[in-house]
Structures are given as C-alpha cells and as structure tokens.
Chemist: 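First the structure, then my questions, so here it is.
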Amino acid sequence: MARLGITALWLAVVLLCAGYVATDARVSTDLTAFMPASAGNDTDTLLLGELQKNSATRLLLLAVEGGTASERIRLSRQLTQALELEPGIRRVLNGDRGLDSATQDLLFRYRYLLTDGGRFDHDSLRSSLQERLIELASPLPLPDRNLLVADPTAAYRSVLLSMQPRTRPHMVDGVWVSPDGERALLLLELAEAGLDVQAQADAIQRIQNSFASLLPSQGATLIISGPARFAAEASRTIRAESQWLSGLGVGFLIVLLLVAYRSPRLLLISSLPLATAVVVATAVVMLLFGGIHGITLAFGMTILGVAVDYPLHLFSHWHGADDRQQHPALWPTFRLAVTTTLIGYLSLAWTNFTGLAQLGVYAAVGLVTAALVTRWLLPFWLPSQTMSRSVPGARLLARVKPGVRTAHLGLLAAVVIVGGFLMTVTARPSLWEHELEALAPVSAVERALDRELRLQMGAAEPGQLIVIEADTAQQALERSEALLPVLEGLRQDGTLQHYEAAARYLPSVQRQRLRQAQLPDRQALAAALDIALAGQGFRDGVFSPFLDSVADAKQLAPLTPEDVQATLLGLRVQQQLYEREGDWLAIIPLIGVHLPEQLAAALENASVPGAHYLDLRQFSARLMLAFRDEALGRLVWGGVAIVSVLALGLRSLRAAASVVSPIALACMATVTVLAASGQALSLFHLVALLLVGGVGLDYSLFFRRWSRLGGEPRTLHSLLVCVASTFGVFAILGSSELPVLSAIGRTVAIGVAFCFLLSFLFSAYARQKEVAQDTPTII
Amino acid sequence: MISGTKTANLPSGSGSSRRGLICRALFGLILLAVLPAAVSAASWDLKTLMEELAAQGVREEAFVEEKHISLLSQPLTFTGTLRYLSPTSFEKIIERPVSERYSVEDDVLIVVRGQDAPQRIMLSEHPLLLSFIAAIRDTLAGNQQALEQHYRLQLSGVRAAWRLQLVPREPRLRSFVQVIYIEGDGGQINLIEIREANDDSSILRIVKQDG
C-alpha cells in the first residue's frame with residue numbers, strides 16, 4: 001500500500017515537473033545572467049549589451065573557394081541574390097555598392113560642411129587648380145571631370161574618401177576577391193543578436209542550403225567563418241562529443257553495476273534518483289527564475305553527479321526486504337552526507353550573480369530530490385535479498401591496515417599545502433584561464449582562417465570597439481570628434497589598423513557651423529579665384545558654379561542624422577549612432593588592434609567623457625574573475641557551515657575536522673596536479689571541484705562509518721563501486737580533446753581518486769585513535 | 001564580322017526574291033567555308049589588320065599629342081614615347097612639358113609622375129579604366145577578341161590608309177569616352193584620336209622616324 005502510494009506520488013511529481021518544463025522550455029543563453037545583478041555597475045551591463053548587439057558579432061565572412069574564377073564569381077552573385085530574400089539575414093554584400101544618387105547629391109551639396117574643403121585664399125586655390133590641370137592633362141580619363149568646375153578643390157573626393165572603409169577587398173568584375181584572386185569574398189550580417197546561438201545556427205544552415213542549391217561545379221566550396229559559426233559549431237561539437245563519451249561512460253557503468261550487483265533490474269532503478277533530480281531541479285529553477293540558463297543546465301547536471309552514488313550506497317547496504325526499517329547504520333550517515341553537500345551547494349544560491357544562484361538552487365533541489373527518491377522510493381522496489389557481490393579490491397583494501405600516525409598525516413598535509421602553494425604561485429602563464437577563446441573548441445586553423453579572411457575583407461573584429469555615451473546625438477558626435485585625432489594618431493603609429501566612426505562622414509552641427517563660418521563670401525572668393533587663375537590657361541568664367549556652390553554651402557542648415565535617415569548614408573549612420581533608453585551611443589568599431597593596452601592608455605589620456613574602450617577578451621576575463629571570486633567566497637562560507645553541521649551531527653568538532661580535512665586536502669592536491677600539468681584553471685574546473693567536494697564528503701563519512709563498525713564490508717563495497725563508477729565515467733570524459741569536457745573529466749577523476757585515498761588514510765587514523773580510546777559510536 | 005552582318009540582314013528582305021536570296025546566301029557561306037584562305041588574302045579586313053598589328057612585335061615610337069580641353073583657352077601639347085613590350089604590356093612615356101610614365105603590366109597600371117613614388121592601380125578593380133586602356137593595348141597587340149569585348153569595331157579605308165573606329169559597349173564608359181579612332185598604314189599605327197563625352201579630345205600622332 002505504502003509502496004503504491006509513494007510510487008504514485010513520485011510519478012505525479014515527475015509528470016507535473018516534466019510537463020511544466022516541456023510546455024515552458026526557455027533555455028536562455030544570455031551572458032548577463034552571469035554578471036552580478038545588483039552590485040554590478042551599469043557601465044558593464046551597458047557594454048555587455050552593446051557587445052552582444054554589436055554588428056561585428058553578427059557578421060559572417062563567406063568565401064567561395066576552388067573551381068574556376070568565373071564559377072566563383074557566378075556563385076558569389078547568385079548566393080548574394082538568394083540570401084537577400086532569406087529570413088534571419090539582414091544584409092549580404094559581395095562587392096562595393098555605389099552610393100545611390102540621392103545620397104550622392106546630398107553629399108555633393110554639403111561637401112564644404114562635411115569635410116575640410118581646404119582653404120580658399122588665392123595661394124591654396126592656385127595649387128588646387130594646378131593639380132586639376134595636371135589631372136586634365138593626364139592620358140587617363142578623369143572620373144569627376146564634370147564636377148571640376150563646381151569643385152576645383154576636389155572637396156567631394158574627400159567626402160567620398162571619408163565614407164570609404166580604409167581597407168577594401170580587391171575586386172574582379174565587381175565582386176570582392178582575396179588578393180591572390182583564389183577566393184570570392186562576401187560579407188553577411190545576421191539579423192539575430194550576438195549570442196542567440198540557435199537562431200544563428202539555423203541561419204548558417206540556410207546559407208549552406210542556398211549555396212548547395214546553386215549547384216556549385218568544378219569543386220567550388222563555401223567557407224563560412226565568424227563568431228556565429230564558431231558558436232554553432234562549438235555547441236554541435238560539444239554535444240556530439242559529450243554524447244559519444246557519455247555513451248561510453250554509461251556502457252562502463254552498466255558493466256560495473258552488473259559485476260557489483262548482478263541484477264539488470266537494479267540498473268534501471270539506479271537511474272531513478274538522478275533522472276528525477278534533473279527534472280524537478282529544472283522545473284524549480286524555471287519557476288523561481290522565470291527560465292533556466294543553458295550554463296546552469298550543463299553545469300548543474302555535472303554537479304548532480306553526486307546523486308549517482310546515492311542508490312549505490314543503498315544497494316550495497318541492502319539486507320533484504322525484512323531489513324527495510326532497519327538501517328540505523330546507513331541512514332544517519334546518508335542523511336549527514338546529503339546535508340553537508342546540500343549546504344555547500346546552497347551557499348552558492350545567495351549571491352548577486354543570477355547565474356550562480358540558479359546553479360546553487362539547481363544543485364540543491366536536485367540533491368534533495370535524489371536523496372528523497374533514494375530514501376523513500378527505491379527501497380520499495382528492491383529485491384528481498386542482499387545484492388552486493390564482492391568487487392575486486394574489496395578484500396585487499398579490507399586487509400590493509402596502515403599504521404597511520406599523527407606525524408604521517410601532518411607530513412602529508414604539509415606536503416599538499418606547501419606543494420599546492422608553490423604550484424599556485426609559480427603557475428605559468430597563470431593559474432587561471434582568462435581567455436574564453438582558449439576554452440572554445442575552435443581549432444587554431446579555423447581561427448587563423450578567420451583572421452585571414454577578416455584582414456582580406458577589412459572587417460572589424462568582434463569585441464573591439466569604443467562606445468561613447470551621450471545625452472544627445474549631437475553630443476555623441478562631438479565627443480567622437482574629440483576622439484578622432486587620438487585614434488588617427490594611434491592608427492599612424494600602428495597601435496591599430498583602422499577604425500570606423502559616424503563622425504568621420506557626418507560631423508556634428510557644431511563642427512559644420514564652424515566650417516560654414518570659415519567659408520569666404522562670394523566677393524572675397526571671386527577675388528581670390530581671379531588671382532589664382534591668372535596665367536593658368538583656364539577660360540574666363542568657367543568656375544562660376546564653384547562660386548555658386550560655396551555661396552550655397554554658406555547658407556545651408558547643417559546636416560543632421562535625422563536629415564539623412566531615408567538615405568543609404570542614414571542606414572550607415574544608424575549602425576554607429578543610435579538612441580538607447582534615452583541615451584545616445586556612438587559606436588566606433590576598431591579593426592586590427594595590435595596593442596590593446598596602449599589603446600586603453602591613450603583613451604584614458606584623452607579623457608573624453610562617456611567614452612569606454614571595450615575589449616571583449618578583457619571584458620570576459622573580468623567577468624570570469626568576478627564569477628570565480630564570488631563562487632570561491634561563497635564556498636568558504638559553505639565550508640564553515642559544513643564543518644558546523646558536521647560538528648553538530650557528530651557531536652565533536654574534532655570528528656568534523658577529521659571528516660573534512662581529507663577532502664580539503666584532496667581538492668588542494670587536485671588543483672596542484674592540474675596546475676603542475678600546465679592546465680590553467682577555468683570555471684569548468686571550479687564546477688568540477690564542487691562535484692569532487694560533494695562526492696568526497698560522502699566518501700569521508702562512509703569511510704568513517706566503515707572504520708567505526710570495524711571494517712563493515714558492505715560500506716567498503718559501496719565505496720568501491722562509487723569511486724570506480726565516478727572515476728571511470730569522468731576519466732572517459734577527460735579523454736576528450738574539447739577543453740570543456742576534458743577539464744571537467746580530468747578534475748573529477750583526479751579529485752575522486754585523491755578523496756578516496758585520503759579519506760581511507762584519515763579513517764584508518766581515526767580508527768586507531770578511537771580503538772585506543774575505546775569509545776565506539778555508530779555514526 | 002562584316003559578312004556576318006550582311007547574312008543576318010538577308011531574311012528580312014522583301015518576300016518575292018527571298019528564296020533566291022537564301023540560295024545566294026547559302027552559296028556564299030559554302031564559298032566562305034571552302035575558301036577561307038583565298039578570301040582573307042584577297043581582301044583587307046579587320047582580321048588581316050589584327051594579324052599585321054600582332055606581327056609587329058616589340059617596338060618603340062615617338063609621339064606628339066595635342067589635347068583640346070574645353071575648360072582651357074589653348075590646347076595642350078605633349079611629346080613622348082609609346083613602347084609596346086608584349087601583348088599584355090606597354091608604356092606611354094610623356095617627356096615634355098612634364099615627365100610622366102604610364103606602364104601597363106598585365107592587370108596593373110603603374111603611374112609615375114615626376115619624382116613622386118609610383119602609384120599602382122589594379123585594373124581589375126577599375127573596369128572602366130581597364131576598358132579604356134584595352135583600346136590602345138589590344139590594338140597594339142592586334143588582339144581582336146579582347147578589343148571586341150569592350151568596343152564595337154568598324155574598319156574603313158584601305159591597307160595603306162585604314163581607320164578603325166572603336167565605340168565603347170559599356171554605357172558608363174561611353175559617358176567618358178564617346179569614340180576612339182585609330183589610323184595607320186598596314187601594321188603601323190599613325191594616329192590615335194580620343195573624343196571624350198565633354199567635348200574634350202586628344203590626337204596623338206606617331207612621329208615617323210627616318211630609315
């Protein structure tokens with residue numbers, strides 16, 4: 001009856017949670033969740049938002065390679081046409097697009113306000129006229145010959161030049177190509193914002209389909225590169241690799257459990273706590289936070305690996321159905337093991353980092369769920385006889401009775417602590433991995449190709465930009481203008497290759513007025529021109545359109561972003577100058593930044609109000625540091641809480657210390673080994689250590705129980721099965737070449753091995769002491 | 001090319017003698033096919049001109065060029081040298097009144113003005129410039145196929161005094177260059193006249209060397 005009732009209750013909870021998760025599955029990938037919510041400064045939030053929206057993160061570089069030159073050009077043209085109609089793609093470019101005539105007319109009329117049109121004294125005019133004469137005399141046709149009489153100083157050329165990107169790809173038949181001509185190049189901007197991985201992956205798939213439908217012949221292939229493709233590729237590779245390795249791991253587990261318990265039925269039952277935990281934890285997090293973050297889901301499941309051990313402890317200690325109510329020795333230890341781990345994970349839940357809090361809640365809820373299922377559901381479904389069989393090593397371990405003395409443990413602790421200290425301070429290049437890039441499963445070859453294409457295309461790197469905040473559009477332009485000379489200096493000394501800025505081709509009203517004021521009036525200009533024309537050979541009166549133009553420019557209302565809205569120029573301005581929540585932002589994308597520190601220092605010196613230099617690498621490194629510091633801080637408090645609870649549960653502070661010490665040392669030793677092997681630690685290692693700590697405390701408590709009960713064989717059995725399963729599964733994961741998987745796999749495998757070994761030694765020591773004192777207790 | 005145009009016009013002639021015309025056209029075609037060598041040898045046409053130009057090989061000739069620019073009250077006069085180096089490269093060197101050198105090597109135009117650093121221009125990125133340069137380079141090389149990509153050609157005159165008219169096919173080029181005339185005697189070019197769209201024009205004359 002109880003069996004039916006509890007099973008029904010369990011089923012109802014699982015179905016309810018699963019139903020909720022299934023109907024409202026919103027897995028967010030927004031990195032802001034991993035930033036401090038209340039304590040964070042607004043600039044960081046603003047910058048991160050801009051980074052994600054920044055068009056560079058939406059840019060894809062496309063290249064058609066192989067085949068004949070004409071085939072590549074055909075594919076470039078037809079792909080551009082086909083993709084213009086695709087949803088999810090904002091624009092495609094495969095060559096320079098000339099300006100529309102409306103924009104041309106506008107730029108021509110405002111030429112004396114948009115650039116420094118040169119000076120208009122007679123000497124300057126004379127040298128301009130001489131240059132025009134040389135051009136007229138040249139055997140090559142002059143493209144702007146018809147504009148010459150209205151624009152003898154060639155101001156319009158400077159306007160066009162300021163609009164042009166500084167580096168442009170080579171062109172053949174109006175199509176961009178690489179310098180060697182072996183690739184046709186295209187630039188594509190996705191509509192989806194920076195980190196919406198799934199939407200971007202879909203768009204990439206559509207690009208590939210479009211290309212395939214053009215029936216490329218003669219071996220022409222399409223290369224797609226850029227952050228969006230890397231992200232899509234990364235998630236695909238990680239999924240594929242982790243599936244394959246998890247498959248291996250599950251196979252290993254099945255064999256191990258069959259060896260240890262010889263019951264296929266147990267296999268199924270053993271999966272129930274973890275499966276239930278995942279479903280319930282996901283549902284609770286979604287309910288509390290209004291959604292779940294992809295990182296929470298991935299890391300949370302890793303941390304919940306602790307719960308795999310719970311059914312194993314139960315199976316090993318199982319005496320049979322009659323014994324159901326008689327586990328006085330198992331359940332108190334079990335309860336204490338769950339409680340301590342729970343405290344560790346809950347310590348993460350109280351934090352300003354939404355992402356970290358999600359992770360803490362997820363792990364805590366999952367842990368409690370798994371424990372409840374193990375305690376109250378599983379016993380009803382177990383067979384009525386003992387199931388544990390001897391496992392290799394059990395007898396050997398039971399016979400080993402190391403004579404551990406205080407001095408031994410002291411020495412061991414000293415070695416671990418000193419070694420760990422030395423390793424962490426001498427770790428090169430650094431103990432912590434700051435570059436997210438190094439963790440991404442993008443091969444060096446692909447990254448090099450991306451850089452190459454980017455340089456050929458003159459496309460901005462994602463994550464290198466200057467954001468200028470201002471109250472109005474004009475203020476943003478004025479501040480940009482203040483920065484332009486600095487940037488120009490940096491460009492000339494090679495700190496960066498180039499930069500784009502709206503203020504370069506659309507100056508502030510203030511600056512346009514200044515230029516207007518400097519234009520001479522008609523009489524003065526006519527007089528200067530007469531002097532300049534003397535003896536040059538030009539016919540009389542040919543330059544009267546020039547006089548008209550300057551007179552017109554003198555009375556024009558300055559050009560504002562609103563005026564150009566409807567033109568192609570406006571489209572471009574809007575990408576680099578826009579309003580956000582009442583503020584105006586000017587975005588200055590930077591291309592080919594060689595010396596980020598120097599750039600940052602120069603900007604600091606320029607002290608333009610509201611200007612922020614944004615380097616994605618540094619920025620994400622800062623985020624990771626903040627995240628790590630927060631997590632470490634929380635874990636220290638968690639550790640203190642764990643010791644307190646243990647002291648209460650064991651009614652002895654010394655006993656608590658003897659349970660925690662081996663695990664603390666094991667974690668230290670694990671970090672030392674990782675650092676010694678040249679691995680820089682990342683968030684993934686930290687998460688893996690959380691799992692190690694949780695699992696390790698369980699080991700330590702059960703070892704204690706084992707030694708207290710005079711070498712209880714069932715406890716030893718359960719511990720051996722647990723460590724073998726965890727070690728095996730994570731060692732398999734650690735064999736992966738993907739940084740994420742190998743970091744987690746290796747850390748856990750090394751960590752549990754240390755935990756097992758050290759707990760064993762410490763428990764042996766405690767046993768000797770207690771035998772000496774002769775005060776046996778059960779727990 | 002010329003005979004091709006005639007053949008194409010035939011069917012549109014009046015109905016009554018249509019059959020006869022077709023017969024004659026067929027006869028003409030067969031004759032052309034059977035006796036190509038005889039036909040080309042007998043007449044002065046574009047193909048022959050191009051063959052003779054191509055046969056000239058490397059050469060260097062002095063020129064005098066007169067530029068009429070509508071903005072200027074006087075025409076400008078230049079003297080210099082035209083050097084034909086290979087089917088894909090030639091040079092125009094202006095010696096007076098200024099020193100300038102324009103070299104075309106395959107896809108690159110190199111401009112050197114006085115003591116300035118050379119300017120390299122990729123012709124593939126400037127299709128109009130490429131078409132413009134093709135008029136002179138491909139005529140010098142006798143490359144009919146390349147010329148016809150950019151221009152509609154029309155040959156008039158006799159072998160000893162021929163005149164080739166080049167009209168740009170590309171409308172954008174026509175907005176700069178209306179027409180180019182090249183005159184010569186057999187494989188020898190004597191004159192290049194460029195009429196621009198804005199009433200400007202230039203006439204380049206080869207100075208005949210003695211001996």
Side-chain angles (χ1 to χ4, degrees), chain A residues 69-70 72-73 95-96 98 101 128-152 164-165 167-182 184-185 456 458 529 533-546, chain B residues 63 65-78 80 82 91-94 96-98 100-102 104 107-109 111 113-114 116 119 121-133 135-136 168 172-178 180 192 194-200 202 204:
Chain A
S70 59
R72 288 195 293 270
I73 286 170
D96 294 336
S101 60
S128 291
L129 289 171
Q130 275 164 351
E131 279 174 43
R132 296 297 89 76
L133 255 182
I134 292 172
E135 286 166 9
L136 279 171
S138 149
L140 305 176
L142 198 58
D144 51 0
R145 160 75 175 77
N146 292 333
L147 306 178
L148 200 146
V149 288
D151 186 19
Q164 236 171 36
T167 50
R168 292 179 313 147
H170 293 263
M171 293 244 277
V172 167
D173 289 346
V175 167
W176 284 332
V177 297
S178 57
D180 60 6
E182 296 296 316
L185 303 174
Q456 289 177 354
L529 188 63
L533 280 169
Q536 297 262 28
F538 284 102
R539 276 183 213 274
D540 290 343
V542 287
F543 289 111
S544 67
F546 173 50
Chain B
F63 69 81
E65 185 175 15
E66 204 167 84
K67 270 194 115 154
H68 299 264
I69 298 165
S70 55
L71 300 181
L72 303 180
S73 43
Q74 302 264 315
L76 304 172
T77 308
F78 305 91
L82 207 56
E91 278 185 328
K92 180 175 182 177
I93 302 157
I94 298 170
R96 262 186 305 247
V98 288
E100 284 176 20
R101 177 191 290 256
Y102 299 84
V104 177
D107 185 39
V108 190
L109 167 68
V111 180
R113 287 198 170 113
D116 295 352
Q119 250 186 295
I121 300 165
M122 301 294 292
L123 292 180
S124 57
E125 292 177 25
H126 302 274
L128 293 186
L129 201 54
L130 175 68
S131 305
F132 176 72
I133 283 169
I136 297 160
R172 280 188 58 210
L173 182 58
R174 269 209 303 283
S175 71
F176 294 109
V177 178
Q178 273 186 329
I180 298 173
I192 300 172
I194 299 167
R195 290 197 191 158
E196 291 182 28
N198 42 42
D199 290 340
D200 294 354
S202 73
L204 180 147

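A, B, ... follow the sequence lines: proteins, then strands. Residue 1 opens every chain.
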Chemist: For B:Leu76, is it the side chain, the backbone, both, or neither that has a heavy atom closer than 4.5 Å to a heavy atom of chain A?
Modeler: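 Contact with chain A involves the side chain of B:Leu76 alone.
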Chemist: A:Asp540, A:Ile134, A:Leu136: which one forms the most heavy-atom pairs within less than 4.5 Å of chain B?
Modeler: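 Heavy-atom pairs under 4.5 Å are most numerous for A:Leu136.
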Chemist: Taking salt bridge (Lys or Arg N to Asp or Glu O under 4.0 Å) as the definition, give me every residue that meets it alongside B:Asp107, ordered by chain and number, with sequence neighbours left out.
Modeler: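 Salt bridge (Lys or Arg N to Asp or Glu O under 4.0 Å) list for B:Asp107, sorted by chain: empty.
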Chemist: What are the two closest heavy atoms between A:Leu142 and B:Phe176, and how far apart are they?
Modeler: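 Closest heavy-atom pair between A:Leu142 and B:Phe176: O-CE2, 3.8 Å.
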Chemist: Report the option among B:His126, B:Gln74, B:Lys92 that has the most heavy-atom pairs separated by less than 4.5 Å from atoms of chain A.
Modeler: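 Max contact count across the listed options: B:Lys92.
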Chemist: Would you name the heavy atoms of B:Arg113 and A:Ser138 that are closest together and state the gap between them?
Modeler: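 Smallest interatomic distance, heavy atoms only, reads NH2-CB, 3.7 Å.
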Chemist: Could you give the distance from CG (A:Leu140) to CD1 (B:Ile121), rounded to the nearest 0.5 Å?
Modeler: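 Those atoms lie 6.5 Å apart.
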Chemist: Can you name the residues that form a salt bridge (Lys or Arg N to Asp or Glu O under 4.0 Å) with B:Lys67, not counting sequence neighbours?
Modeler: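 Counting only residues at least two positions away or on another chain, B:Lys67 forms no salt bridge (Lys or Arg N to Asp or Glu O under 4.0 Å).
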Chemist: Can you name the closest pair of heavy atoms from B:Phe78 and A:Ala137 and give their distance?
Modeler: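 Nearest heavy atoms, B:Phe78 then A:Ala137: CZ-CB, 3.4 Å.
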Chemist: Is it the backbone or the side chain of B:Leu204 that comes under 4.5 Å from a heavy atom of chain A, or both, or neither?
Modeler: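 For B:Leu204, no heavy atom lies under 4.5 Å from chain A.
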Chemist: May I ask you to decide if A:Gly537's main-chain N or O and B:Ser73's side chain share a donor-acceptor pair within less than 3.5 Å?
Modeler: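 Such a contact is found between B:Ser73 side chain and A:Gly537 backbone.
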Chemist: Relative to chain B, which segment of A:Val172 carries a heavy atom at a distance below 4.5 Å: side chain, backbone, both, or neither?
Modeler: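 Both the backbone and the side chain of A:Val172 come within 4.5 Å of chain B.
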Chemist: So, taking the atom named CG in B:Leu71 and the one named CG in A:Leu133, what distance separates them when rounded to the nearest 0.5 Å?
Modeler: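 Atom-to-atom, B:Leu71:CG and A:Leu133:CG are 9.0 Å apart.
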Chemist: Which heavy atom of A:Pro139 sits nearest to which heavy atom of B:Glu100, and what is that distance?
Modeler: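 Closest approach of A:Pro139 to B:Glu100: CD-OE1, 4.3 Å.
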Chemist: Would you mind checking which part of A:Val177 comes under 4.5 Å of any heavy atom in chain B, side chain (CB onward), backbone (N, CA, C, O), both or neither?
Modeler: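 Neither; nothing under 4.5 Å.
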Chemist: Name the region of B:Ile94, side chain, backbone, both or neither, that has any atom closer than 4.5 Å to a heavy atom of chain A.
Modeler: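 B:Ile94 touches chain A through side-chain heavy atoms alone.
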